[in-house]
Peer 1: 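So that we are looking at the same thing, I have put the structure below in structure tokens.
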Amino acid sequence: MSTSGKVAVAGVVAALVLFWTVGFWVGLLVLIGVPTAAYFLLDPSQRRRLRGTSRKQIGR
């Protein structure tokens with residue numbers, strides 16, 4: 001299995017555990033809010049560089 005496949009499976013498992021333990025809406029808020037907050041914590045130059053890369057290049 002590829003690295004991205006393992007990450008996807010881990011994300012699904014984490015989402016199911018989170019939904020089961022704290023409820024659907026709180027779990028959904030965490031799953032969307034954490035990556036969004038991490039994106040906004042980047043410097044503007046880092047955000048620009050991240051937007052400029054394709055999804056295939058992010059894993060390299």
Peer 1: Name all residues meeting the side chain to side chain donor-acceptor pair (under 3.5 Å) criterion together with Ser2; count only those two or more places apart in sequence or in a different chain, and write none if there are none.
Peer 2: Ser4
Peer 1: Can you establish whether the number of heavy atoms outside Arg47 located under 6.0 Å from its atom CZ is more than 12?
Peer 2: yes
Peer 1: Quick one: name the residues clustered hydrophobically with Val12, using the 4.5 Å side-chain heavy-atom rule over I, L, V, M, F, W, Y, and just say none if it's on its own.
Peer 2: Leu16
Peer 1: Below 4.5 Å, heavy atoms only, C-beta onward: do Tyr39 and Arg51 meet side chain to side chain?
Peer 2: yes
Peer 1: Run the side-chain donor-acceptor check on residues 17-29: report pairs under 3.5 Å with partners two or more places apart or on a different chain.
Peer 2:
from  : atom 1 : to    : atom 2 : distance (Å)
Thr21 : OG1    : Val17 : O      : 3.0
Thr21 : OG1    : Leu18 : O      : 3.2

Peer 1: Apply side-chain contact (heavy atoms from CB on, under 4.5 Å) to Thr36 and list each qualifying residue two or more places apart in sequence or on a separate chain.
Peer 2: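 Partners of Thr36 by the side-chain contact (heavy atoms from CB on, under 4.5 Å) criterion, ordered by chain and then number, come out as Ile32, Phe40.
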Peer 1: Is there a side-chain contact between Gln46 and Asp43, using heavy atoms and a 4.5 Å cut-off?
Peer 2: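 With C-beta onward as the side chain, the pair touches.
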